[in-house]
Amino acid sequence: MIKWTVEPFNKPIFRYFHCHFHSPTKVKLCFGCVKNSVLKCVFVPKKYELSSPMRETRFVDVILPLALPKLYTYRVPFECNDEVAIGKRVLVNFGASKIYSGLIGKIHGNPPEAYQAKYIEAVIDEYPVVTDLQLKFWDWICDYYLCYAGELLLASLPASLRLASETIVVPIDAGIGVYDKLTDAERVVFDALIENNRMALADIADLLQRKSVYPLVKSMLEKQVVGIEEEVHDRYKVLTKPFVSLAENFKSDAQLNEAFDLLKRAPKQQDALMKVLQLLGGNHQAKIPKSTIISADDSLNAAISSLQKRGILNIEYIPVDRVKGNEADGKVLNLSVAQNGALESIKEGFEQDKVTLLHGVTGSGKTEIYIRLIEETLKKGKQVLYLVPEIALTGQLTGRLEAYFGKQLRVYHSKFSNNERAEIWYKLLDGTEVKLVVGARSAMLMPFSNLGLVIVDEEHDGSYKQQNPAPRYQARDSAIMLAKMHNAKVLLGSATPAIESYFNAKKSKFHYVPLLERFGKAVLPNIELVDLKKATRDQQIQGEFSDRLLDAISDTINGGEQVILFQNRRGFSPRWLCTTCGWCPECKNCDITLTYHKYKHNLRCHYCGYLLNPPPKCLACGSPSLKMIGFGTEKIEEDLSMLLKDARVGRMDYDSTRGKNAYQQIIHDFETNKINVLVGTQMVTKGLDFDRVGLVGILSADQMLSFPDFRSNERSYQLMMQVAGRAGRREKPGKVLIQTYNTEHWLLQAIVNGNQDLVYQKETQDRREFLYPPYCRIVNITASHIDKHTVEGAAKELAKQLRVFLGARVLGPEYPPIARVRNKYRMEILVKLDGKVDLVKAKALIQSKSEELKLIKAFKSVRVILDVDPY
DNA sequence: AGCACGCCGACT
DNA sequence: GTCGGCGTGCTC
Ligand SMILES: [Zn+2]
Ligand SMILES: [Zn+2]
């Protein structure tokens, strides 16, 4: 922890600092006292002199960890001139009192003309924590996706490496009669301060049950009864563990015999020493973790301490990894003929420096090909980035890769703690141990220095696009740019490529490698449609299940095989409904019905988090007959358990996998056949390999097909193919049943007939006809404001201004399906940028016009969000 | 994101 | 009258 004390009566608050640990030396800042940290001491014993002609005065442009459009210029204290470097963090005072750790983005010697630059408080790092290539990459993302460097800093740098000060109020011994000077509220605060010694501003707000406390604290500051400290906590600590070794004087056998003589009366210590020697196994120079000695026998702990006191053993704290790499299992990988062919073809693409698209059907063994390519890249001493959808990280893939690549690999996961992320960050900066990073979208923002290969698996997946907050980047598209900067190769892989990627392949912009043969004789599943219209007419339907599907499930489980049932979550949500008047509980902040969560028995808004207990009576008509509707996985699980006695049903969705190991447990239960029917949402579509699945059922294809979005056909196709791929792995073909009211739909027909080409051909044609990507680029502009008329006015004005330059390319504004979120009304403008406009100029225009909107008085508090290439 | 400054309604 | 809530603008 670094701590500054601000002398309370000094007007310019950040002039004089005391380091608590080096007191009474007056220093500007001190890091020397921070244990185990990369921070270091900056002694600045005197006030800075104003610039003299003899000295070079340097300035740095700092990226602050805030969503601000610009960089801020700070002056470098002469003493730090040699320390500043691009990519290092600096502590700077921003605003009245806050201290942030910003990042040096630029160094120059131009004093700002319009204002007096503040000094940086300190240079934090000895070496840059962000590489030049990262900064270059950030620049590109900012330009392309219309966002700010600060937003990239926020998205990239692990929170442990981002420091911000906290304002701490401390009492001052103000002598007798303090109370007379204070108001009632101030007395309450003062008493609490005496008791607690120190309080954060938020604590005081809590105590007084009010929102703004700053004026009160300011008044107390003026009355000289409190002081203020700005504390910055160094949040990243290297984790250390105790290691035991033999002391210098007890390494030889003779010396050790002496030691045992000394211990004649201490049998426990003899035991401990014996155990140490045994674990050292003859290597008397080695150090062993204390935990391994006492793991079997806790009572040895005290003995070890005694041995240390006697000077026989040394104990030292050595840094250890929080996120441990695993040992490789040394298994060899053999590729099939088809896989080898694909591998060669991919390399041909790489030689032409082309992005390569590997179109491999489910089960064709893409992963083995990836592994081979990764191996070859690592051998050349280069790093590899392997991107997968977030959902696949929890599955079986990572274990498999870890077994193969051992310690060179790190998985980068959003579930890691901040310190774990920081550790991986530093490991990658260091670049000696970790060479391969497997992770979701945000893994691409890590500090790679020497990428040789970027793999984007399931390249069509929508989760590669970041939604909120900014930067709203598309990881697949950005990966291509990242690779270009590193001079690395790019491999996109998918069983169902995105229309855009397939288009690029067809146009020879990408090198295309098909791998349409399943690995190990496995046969493609047999897909069949179940006509729900007919089933309803013939009364062969129970709830969500047609008799055909029920029979198939029953047959499958009776044959000892397993079933996966897929329930599409998009557009579905369980809700509470009044059967008398049709009323549904709605969110008070958003225009949406609340989702019912059975496990907690509450109603929740997915947009703002608003919670409501299910009302006992209808709030519209007072009728008590309310019921749950909607086709969530819970209901399917429940119904199926009732309909089929032999079904042991498990459920995999967002709710059922909340717990720490819940996900692994469900997978384990399914693998061991404890469950024989698995009902799930999108989660069952990715990263799972099961051997016994005889049947996959898609409960309804209709919702996804009718989703109002230009990608709905593409998405439906990808989703259905992906779930279908879970069926029938080995020799036996699996069965896939798709229930629908719309058996004639061209896409469903194409799927049943295995006519993949038709899907891509027809969809590409539709995109051209209705002008959607890949035939244009889309920028989505969302305006939001508490007042409906204000947004409408603002959005219309913005659209009007854009139309002056872009004409009919500007569509809308229109209200989105959910017009109000978090009590703000939203309106959207869609801009379609075709090949005839200059993309860069058009985007710059959109950005400037959006910013200019704030200059109109009535619209100045309208928020505008730009989303480039929305998904 | 904070935090200051300024305006406006509720309570002394 | 004053305190505290809230909208608006600025931070190098
Ligand atoms: Zn009702
Ligand atoms: Zn809501």
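Every value quoted in this text rests on a predicted model; they were computed, and no experiment measured them. Per chain, numbering begins at 1; letters A, B, ... match sequence-line order.
No hydrogens or angles considered: nothing links the side chains of A:E121 and A:Y74 as a donor-acceptor pair under 3.5 Å. A:E231 and A:S165 share no side-chain donor-acceptor pair at under 3.5 Å.
Along DNA chain C, the nucleotide nearest to A:L66 and the one nearest to A:T183 differ in position, and the one closer to the 5' end is contacted by A:T183. Between A:A185 and A:L68, the one whose closest nucleotide on DNA chain C sits nearer the 5' end is A:A185.
Residues meeting the side-chain contact (heavy atoms from CB on, under 4.5 Å) test with A:A422, sequence neighbours left out: A:P158, A:S160, A:L161, A:Y236.
In this structure, A:S212 reaches the C:dG5 phosphate: one of its side-chain N or O atoms is under 4.0 Å from OP1 or OP2. Close to B:dA4, at under 4.0 Å from its OP1 or OP2, lies a side-chain N or O of A:Y214. OP1 or OP2 of B:dG2 sits under 4.0 Å from a side-chain N or O of A:Y100. For the OP1/OP2 pair of C:dC6 and a distance below 4.0 Å, the side-chain nitrogens and oxygens of A:K211 include at least one atom meeting the criterion. A sub-4.0 Å separation between OP1 or OP2 of C:dC12 and a side-chain N or O of A:K70 is absent. Residue A:S861 has no polar side-chain atom (N or O) positioned under 4.0 Å from OP1 or OP2 of C:dG7.
Looking at the side chain of A:Y74, the nearest of the listed nucleotides C:dT8, B:dC3, C:dC12 is C:dC12.
In this pair, A:F94 does not lay its aromatic ring on the base of C:dC12; centres under 5.5 Å and planes under 30 degrees do not both hold.
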(request) Walk me through it: do A:S414 and A:E390 pass the test side chain to side chain donor-acceptor pair (under 3.5 Å)? (result) CA-CA 8 Å; A:S414 65; A:E390 178 83 33; 2.9 Å; yes
